[in-house]
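By convention in this document, chain letters (A, B, ...) are assigned in the order of the sequence lines, proteins followed by strands, and residues within each chain are numbered from 1.
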There are 2 protein chains.
Amino acid sequence: MTMSPSRPTMHDVARVAGVSIKTVSRVVNGEPGVRASTRERVDAAIGQLRFLRNDGASQLRSGRADTIGLIVEDLANPFYSVLAAAVERVTRRHGHLLMTGSGEGLSEQEQSLAAAFLSRRAAGLLVVPTESDHAWLTQEATAGTPLVFLDRPAAGIVADTFLTDNEGGVRSGVEHLAAHGHRHIAFLGDDPAFWTAARRLDGFHTATTALGLRCDRVAMGPHDPAGLVSVLRAWTQGDDPITAILTGNNIVTVAALHAMRAADVRLGLVGFDDFELADLLEPSVTVIAQDPASMGEQAAHMLFQRLAGDTTPPRTVIQATRLVVRESGRLR
Amino acid sequence: MTMSPSRPTMHDVARVAGVSIKTVSRVVNGEPGVRASTRERVDAAIGQLRFLRNDGASQLRSGRADTIGLIVEDLANPFYSVLAAAVERVTRRHGHLLMTGSGEGLSEQEQSLAAAFLSRRAAGLLVVPTESDHAWLTQEATAGTPLVFLDRPAAGIVADTFLTDNEGGVRSGVEHLAAHGHRHIAFLGDDPAFWTAARRLDGFHTATTALGLRCDRVAMGPHDPAGLVSVLRAWTQGDDPITAILTGNNIVTVAALHAMRAADVRLGLVGFDDFELADLLEPSVTVIAQDPASMGEQAAHMLFQRLAGDTTPPRTVIQATRLVVRESGRLR
DNA sequence: TCGGCCTATGACATCGTTGTCAACCCTAGA
DNA sequence: TCTAGGGTTGACAACGATGTCATAGGCCGA
């Protein structure tokens with residue numbers, strides 16, 4: 001068992017260069033007031049020893065912090081991974097590093113991740129919040145740690161929040177279907193315990209009501225394939241059969257596509273969330289697209305603005321959806 | 001401008017509880033030798049002040065480190081995001097935190113991310129390496145920082161590496177097409193500057209040659225839609241027309257699907273990488289599936305084994321692909 | 001009653017870095 | 001020649017925690 005040589009410190013660099021550690025610090029931090037020849041000697045020593053400053057020690061002493069924490073529900077979900085990638089890009093551009101964690105929808109896990117990030121003295125936190133109360137973050141926020149919520153608002157706390165216009169998005173989808181002659185539209189949503197699912201359901205109710213359409217053909221998740229098939233059968237048979245469905249997110253859209261095939265029914269379709277290959281299906285699928293990359297980017301920008309000293313009141317930004325018209329909204 | 005109160009430290013907790021900071025430290029770390037009544041008083045003070053230990057200071061003093069760094073090419077790419085999610089889960093289970101960064105295929109950016117992670121004194125690094133030489137990491141590795149490479153080997157350094165059986169995967173695809181009567185198969189790959197793309201091309205050559213098929217209908221990326229269409233036209237017209245194509249990754253597969261539709265040609269198809277909705281297309285697409293979640297999980301496990309003291313020689317693990325048979329491999 | 005030992009607790013140095021401030025050198029001006 | 005002043009440099013404390021070691025107090029047996 002060989003003793004692994006410990007990492008070189010400024011002290012080692014100073015010894016090799018024949019200067020004090022303070023001078024090394026000055027060179028490392030690009031501070032003025034170091035003679036060029038001295039700087040060269042120090043740089044040479046740094047290169048020779050492959051010195052890397054211990055940022056932990058540096059931040060402890062200086063009080064700075066250059067790490068950002070991001071908590072999403074599931075990093076493997078394309079919506080969140082695209083969002084995370086955008087956040088990371090902005091973070092990197094600001095010379096900060098990003099720590100990420102999946103809260104998996106569990107309040108407890110969200111709190112433990114937040115605590116871990118804050119123990120690491122993260123400069124700020126970006127959070128896709130669970131449904132639970134977030135008053136426990138109030139102290140952090142007032143202590144000056146910027147906090148930004150994404151995709152959903154956090155209960156029990158006021159902070160910058162970036163949302164999608166869920167109601168408006170669904171409305172545009174309903175109106176699109178109606179404009180193509182559909183008068184009997186059903187809604188397949190996700191579990192309304194999810195804030196976004198509930199908002200989209202709201203949107204369905206107001207939009208159908210405004211158009212004088214029936215708004216009671218609704219099934220909220222979680223969905224199993226067999227159940228979905230029988231729901232579709234019921235809605236398409238009997239009197240007043242539906243001619244179209246609106247699905248509440250990409251997972252439900254995919255499930256609905258499978259179910260429509262299994263039940264052998266053909267319906268108009270508009271889905272919330274764009275997805276790859278939506279344009280290659282037969283028929284291609286019209287969708288209500290969100291823009292997670294833009295959401296992540298804007299939220300990260302806001303966070304860095306706060307870090308830069310912006311103390312204006314917290315803002316809530318609602319991002320419009322974009323209706324991507326393909327074929328599946330037309331009347332059959 | 002209100003002065004934001006600085007975060008409470010062990011010193012503050014000690015004052016409130018009427019003990020020394022060393023006793024607070026003992027309570028926080030669950031060390032024995034503290035009277036129950038004292039422990040209670042300290043815990044009460046911690047709760048009252050909402051004290052969070054400064055892990056940076058703790059790690060500076062103790063030499064511990066509980067952060068892992070992950071560098072992938074692009075966090076938004078589903079392959080890497082699924083991998084990252086798996087890594088994060090394992091990391092979390094081991095009580096560590098994950099820092100992630102997108103190298104974007106640039107050696108320079110990869111190095112700067114690695115340096116940033118190592119400056120933060122990451123306990124270990126998981127890297128999807130660029131094509132460049134990685135000798136610069138040798139010192140770190142011998143200094144005891146566990147290093148694990150994913151998806152591709154790193155040049156110029158020996159370390160644990162987790163790969164997919166790219167050649168074998170392509171071979172299984174070619175054999176599948178041949179078994180369904182295809183004797184004229186083309187290969188659409190990505191830029192062979194990517195290690196995986198080159199390996200898959202190798203696989204195509206050896207597999208077709210072994211079966212006595214032509215191996216010269218090959219087009220490597222980057223692909224533009226128009227170019228792809230004309231390539232397909234050329235291969236399907238003239239004498240000895242192809243009847244099937246094998247695509248080198250999911251992006252090329254999607255591009256090929258678009259091009260086939262645009263060129264109005266119908267060909268057998270097997271694609272490298274599974275993708276959502278592959279089963280809903282007409283015809284459903286047979287794919288050579290990788291398992292990024294398993295790769296990330298295994299690699300992270302390996303890293304924690306190394307951290308736990310495993311000093312056996314570096315291993316290279318090659319993960320088999322799985323042929324997901326759907327309809328598109330059949331002869332038309 | 002006293003010594004010895006074990007338990008609970010605290011004083012202090014220390015991790016690697018940076019902020020403060022003093023000291024040094026050199027040159028220019030008197 | 002002496003002094004003032006600017007440009008360099010270093011000594012030292014401090015950031016918030018933990019490791020080492022000493023000490024105070026209680027209990028036991030002799």
N or O in side chain of [X] less than 4.0 angstrom from [N] OP1/OP2:
X	N	result
B:Arg53	D:dT18	yes
B:Ser58	D:dT18	yes
A:Ser20	D:dG10	yes
A:Thr38	D:dT9	yes

Least distance between heavy atoms, [X] atom then [Y] atom:
X	Y	result
B:Leu70	B:Leu98	CB-CD1, 3.8 Å
A:Arg306	A:Thr312	NH1-O, 2.6 Å
B:Pro129	B:Pro153	CG-O, 3.6 Å

Worksheet item: Who passes side-chain contact (heavy atoms from CB on, under 4.5 Å) against B:Val158, sequence neighbours left out?
Response: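 Here the qualifying residues are B:Pro314.
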
Discussion item. Using 0.5 Å steps for rounding, measure from the CE atom of B:Met99 to the CD1 atom of B:Ile68.
Written reply: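 Spacing of CE (B:Met99) from CD1 (B:Ile68) equals 8.5 Å.
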
Worksheet item: If each of B:Ala57 and B:Val34 is mapped to the nucleotide of DNA chain C with the nearest heavy atom, which maps nearer the 5' terminus, i.e. the 5' end?
Response: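 Between the two, 5'-proximity favours B:Val34.
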
Discussion item. If the test is side-chain hydrogen bond (donor to acceptor under 3.5 Å, both in side chains), which one of B:Glu110, B:Arg152, B:Glu108, B:Gln109 qualifies with B:Thr130?
Written reply: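 Only one of B:Glu110, B:Arg152, B:Glu108, B:Gln109 forms a side-chain hydrogen bond (donor to acceptor under 3.5 Å, both in side chains) with B:Thr130, namely B:Glu110.
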
Discussion item. Angle between ring planes, A:Phe304 versus A:His94, binned at 30° and 60°: parallel, tilted or perpendicular?
Written reply: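 Geometry flag for A:His94 against A:Phe304: parallel rings.
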
Distance in angstrom units between [X] [atom1] and [N] [atom2], rounded:
X	N	atom1	atom2	value
B:Asp55	C:dG16	CG	P	18 Å
B:Arg120	C:dG16	CZ	C1'	15 Å
B:Arg64	C:dC15	CZ	C1'	12 Å
A:Arg41	D:dT9	CZ	C1'	11 Å
B:Ile46	D:dG16	CD1	P	16 Å
B:Lys22	C:dG10	NZ	P	12 Å
A:Leu49	C:dG16	CG	C1'	15 Å
A:Leu60	C:dT14	CG	P	17 Å

Item to complete: Output the residues of residues 24-33 of chain A in contact with DNA chain D, where contact means a heavy atom of the residue under 4.0 Å from an atom of the strand; sort by number or write none.
Response: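 Going residue by residue through residues 24-33 of chain A, the ones with a heavy atom under 4.0 Å of DNA chain D turn out to be A:Arg26, A:Gly33.
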
Item to complete: Check if the side chain of A:Arg61 and the base of C:dT17 share a donor-acceptor pair of N or O atoms closer than 3.5 Å.
Response: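 No, no donor-acceptor pair under 3.5 Å.
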
Choosing from [options], which nucleotide comes nearest the side chain of [X]?
X	options	answer
B:Thr23	C:dG16, D:dT18, C:dT9	C:dT9
B:Arg35	C:dT9, D:dA17, C:dG16	C:dT9
A:Asn54	D:dG16, C:dG16, D:dA11	C:dG16

